[in-house]
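Here's the structure we're looking at; comments come further down.
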Amino acid sequence: MNINDLKIKTKILTGAMLLVTITIAFGVLSKIYIGDVAGALFNITDNNGKSVEYATGVERMALQTIMAQRAYRISQSDEDAQKVEDNMKTLLEYLDKVDQVAKKYNNTELLGQSKAAREGTLKFGQKFKDVVTAVRDNKAAVDAMVNEGQDVAKAADDFLDRQVRLYQEAQKKGATGQELDAYVQRYIGATNIYIKAMEIMRAEKEEVNYKNRVAWKKMQTLLPELMKYYDDLQKIVNSEEALRLIETARSSTRSYREAAEKWIENDDKLNVVRKEMLEAGDNVIKLAQTAEEAGYAQLEVAREQADVLVSEANKIIIGTIVVALVLGIIIAMFLANLITVPIIVGVQFAKSLAEGDLTAKLDVNGKDEIGQLAQALRDMRDQLSSVVSQVRANSDTLSSASEQVSATAQAMSQMATEQAASVEETTTSIEQLNASVQQNTENAHVTEQMATKSANEARQGGDAVTETVNAMKNIAKKIGLIEDIAYKTNLLSLNAAIEAASAGEHGKGFAVVAAEVRKLAESSRITAEEINELATNSVAIAEKAGNLITAVVPNIVKTSDLVQEINAASVEQSGGINQINDAMRQLDKATQQNAASAEELAATAEELNGQAAQLQQVVAFFKLDGNAKKSQGAGRGNSAGRSPRSVAKPARAPKPNVSAGGAENSLDFNEADFERF
Amino acid sequence: MSSLIRKETATAVAAQEQVGQYLTFLVGGETFAVSILDVKEIIEIASVTRVPLTPDYIHGVINLRGNVVAVIDLSARLSRSPSQVSKRSCIVLVAMEINETLQLVGMLVDEVREILEIPAANIQPAPDFGADIRTDFIEAMARIDDVFIILLALDRVLSLEELSMLGELTEAEALRSAPAE
């Protein structure tokens with residue numbers, strides 16, 4: 001099996017697997033060495049580190065124990081004693097841990113040290129217990145001693161009181177001076193005893209506080225002196241009760257002395273025990289320090305071992321890296337060569353294709369991806385050459401078709417222009433028509449206004465006639481009044497005539513005047529009657545005129561209505577004409593656009609022609625060999641059958657549509673418009 | 001006395017070449033005339049006070065410048081229907097001698113016409129028949145342009161007994177109205 005037949009993926013995978021194997025081997029080696037280093041480190045931390053830590057703990061606890069013990073010695077409280085006990089317990093626990101570590105790592109030296117420390121600690125504990133017991137005893141002894149001292153002082157006090165009382169009694173009884181002096185003597189002796197007892201107790205307090213035996217020596221001299229005072233007092237005492245009191249005091253003094261001696265003895269013993277205890281404590285601290293130092297030494301040794309291990313591991317790792325690097329470079333170079341060489345050949349081929357050389361050859365065989373790519377490139381070259389030959393043939397036919405389209409489009413454009421001109425003429429005629437209709441409308445409007453006015457005036461005429469009739473009637477009434485006046489004047493004239501007649505001859509002239517007045521009245525009356533008649537006649541005539549006018553008014557109103565209808569019809573007509581006008585304008589615009597589009601089409605056809613020529617030039621860029629030309633010829637036969645038709649059809653078909661159909665449409669529209677108009 | 005005056009007037013008329021002046025008036029559509037010398041005054045009809053318990057032809061009494069004057073409905077007196085008072089109705093006051101005293105009496109007429117001068121030649125005595133009123137009421141008949149007008153005999157139209165009754169009436173009325181004035 002040839003290595004070239006392997007796929008690129010397989011090649012790369014194989015190289016990568018080799019590198020991975022080397023890396024794994026290196027990793028395993030590193031792991032082993034890191035395990036060793038880790039073991040060393042754990043040894044340091046677990047064994048030596050811990051033993052040092054525990055030894056330090058032991059030492060710390062020992063110091064704390066001794067400090068607690070000192071605190072106890074000062075305070076002497078049970079609480080501090082318990083603290084000491086607790087510290088010791090913790091110390092022993094630390095020792096247990098040390099033992100565990102030592103046993104785990106078989107450190108016999110450490111084990112021995114631990115054992116010695118434990119023994120020392122236990123010894124210290126024993127001594128401390130002794131000290132505690134001694135301190136307690138001491139305290140009890142001091143308490144007993146103080147009690148006894150108080151008894152002594154009380155006995156002396158009682159005796160003093162008694163002497164004072166007896167002296168006062170004797171004085172009352174009126175005793176002799178001698179007897180009274182005896183009382184005073186006894187009182188003085190008792191006072192001496194009391195003072196001595198006080199001195200002793202003061203010394204005792206000093207001794208308890210300082211414990212330096214100075215006060216104790218003073219007490220030892222003072223106590224026999226007190227006994228001697230008792231003896232002195234006994235000599236001058238005569239009553240039995242006094243003797244008994246003295247005896248009690250004496251026994252108290254004795255027991256006090258015993259208690260004091262016991263306390264001193266105890267205190268000495270305590271001092272001895274305390275010293276031993278302190279020595280034991282120092283011993284423990286020393287042991288702990290030794291253990292600690294041993295631990296530190298062990299740590300140092302462990303670190304050196306670990307250092308050696310780490311340097312060894314470093315050498316191995318560096319060596320492995322170098323080997324892996326060299327191997328990796330070799331494998332990578334090999335693989336790169338294997339892949340790039342055929343690709344470079346392929347690139348050369350693709351470049352010659354790009355330069356238009358469709359006759360180039362590619363000699364790369366193989367079953368890997370590059371081989372497949374080479375095969376695909378070869379296929380591409382074959383397909384491309386066939387396509388180019390077809391494109392050449394088609395561009396030739398396209399050129400001739402586009403020329404035809406151009407001619408047709410130009411004819412179409414001319415026709416559209418003519419159409420636009422005729423449409424414009426039509427629009428102008430319609431505008432004229434519109435103007436005349438507008439005038440009609442205006443005239444109708446004026447006529448309508450006049451008719452309305454006439455109707456109103458006729459109505460007003462009717463009203464005027466009615467008013468005239470009324471006025472006539474009023475005149476007739478007034479004339480009646482004139483008639484009355486004439487009648488009254490007549491009466492007056494008659495009376496005057498009567499008077500004149502009664503006056504006889506003298507009234508003759510007066511009678512003539514009266515007759516004249518009467519005639520005047522008579523003529524007034526007749527005239528009034530005539531006027532009345534005339535007025536009555538006029539009323540009749542006026543009423544007739546009124547009726548005539550009333551009959552005329554509806555006719556005039558009807559005329560006005562009719563004229564209004566004519567006006568409305570004219571307005572509608574005008575609106576219709578306006579709409580026609582708008583439609584014509586739109587038609588005009590559409591026609592103009594048509595013309596423009598036809599021109600554009602012509603231009604486009606020209607451009608198409610140019611493009612076809614350019615296409616031919618572009619296709620000429622490709623070089624073809626003989627085989628390809630043959631296939632090209634065959635391809636052309638097919639495409640020549642199809643393509644001209646598909647190109648010519650859409651080019652020819654629109655032409656009649658635009659020239660004939662468009663024109664017919666516009667003509668139809670115009671005729672219809674005119675007919676409608 | 002009255003007769004005396006009448007005689008005097010008659011003579012005066014005769015002196016004036018037998019031409020007398022007459023007042024013509026309408027009653028019930030018929031024209032009558034009286035001598036103007038009998039007439040005192042013509043007044044328009046004023047408020048007439050009706051008098052109870054009197055005949056139909058007593059129209060009532062009027063107050064003429066403070067004097068009570070009885071008014072006789074001439075239409076009723078001439079046996080016609082009582083006159084309808086109209087705008088043109090007038091009262092013609094005449095002076096009558098009653099119970100030796102001159103008294104004014106009113107005659108209610110429908111309308112006064114005019115004063116006519118009638119020559120005596122045109123006056124003819126009353127016919128015995130052919131009149132629709134009592135013949136004794138007619139003094140004479142005057143012819144004017146071929147039309148006859150009745151001249152009333154006032155002293156008979158306002159007869160004695162009737163006028164005496166009228167006088168009582170006026171007295172009673174005067175008495176009655178005196179305290180009121």
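Order of the sequence lines fixes the chain letters, A, B, ..., with proteins taken first and strands second; residue numbering starts at 1 for each chain.
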Under 4.5 Å from any heavy atom of chain B, what part of A/E522 do you find: side chain, backbone, both or neither?
neither

What heavy-atom pair brings A/R518 and B/R113 nearest, and what distance separates the two atoms?
NH1-O, 4.4 Å

Report yes if some heavy atom in the side chain of B/K87 is under 4.5 Å from a heavy atom in the side chain of A/D484; otherwise report no.
yes

Is there a side chain to side chain contact (heavy atoms under 4.5 Å, CB included) between A/Y487 and B/E111? Walk through the geometry before answering.
CA-CA 10 Å; A/Y487 178 71; B/E111 187 182 344; 4.1 Å; yes

When rounded to the nearest 0.5 Å, the distance separating CG of A/N495 from CD of B/E41 is 5.5 Å

If you count heavy atoms of other groups shown closer than 6.0 angstrom to CZ of B/F148, is the number above 12?
yes

Should the heavy atoms of other residues, nucleotides or ligands under 6.0 Å from CZ of A/R525 be counted, would the total exceed 12?
yes

Between CD1 on residue B/I42 and CG on residue A/L492, distance to nearest 0.5 Å
10.0 Å

So does A/E457 have more than 12 non-hydrogen atoms from other groups sitting under 6.0 Å from CD?
yes

For A/E431, is the CD atom crowded, meaning more than 12 foreign heavy atoms sit under 6.0 Å from it?
yes

Atom pair CG/CZ of A/N490 and B/R88 - distance to nearest 0.5 Å:
9.0 Å

Report the distance from atom CD1 of B/I36 to atom OG of A/S502, rounding to the nearest 0.5 Å.
8.5 Å

Distance (rounded to the nearest 0.5 Å) between A/L494 CG and B/L23 CG:
6.0 Å

Closest non-hydrogen contact found for B/I115 with A/A497 is CD1-CB, 3.0 Å

Measure the NZ-CD distance between A/K488 and B/E44 for me, rounded to the nearest 0.5 Å.
4.5 Å

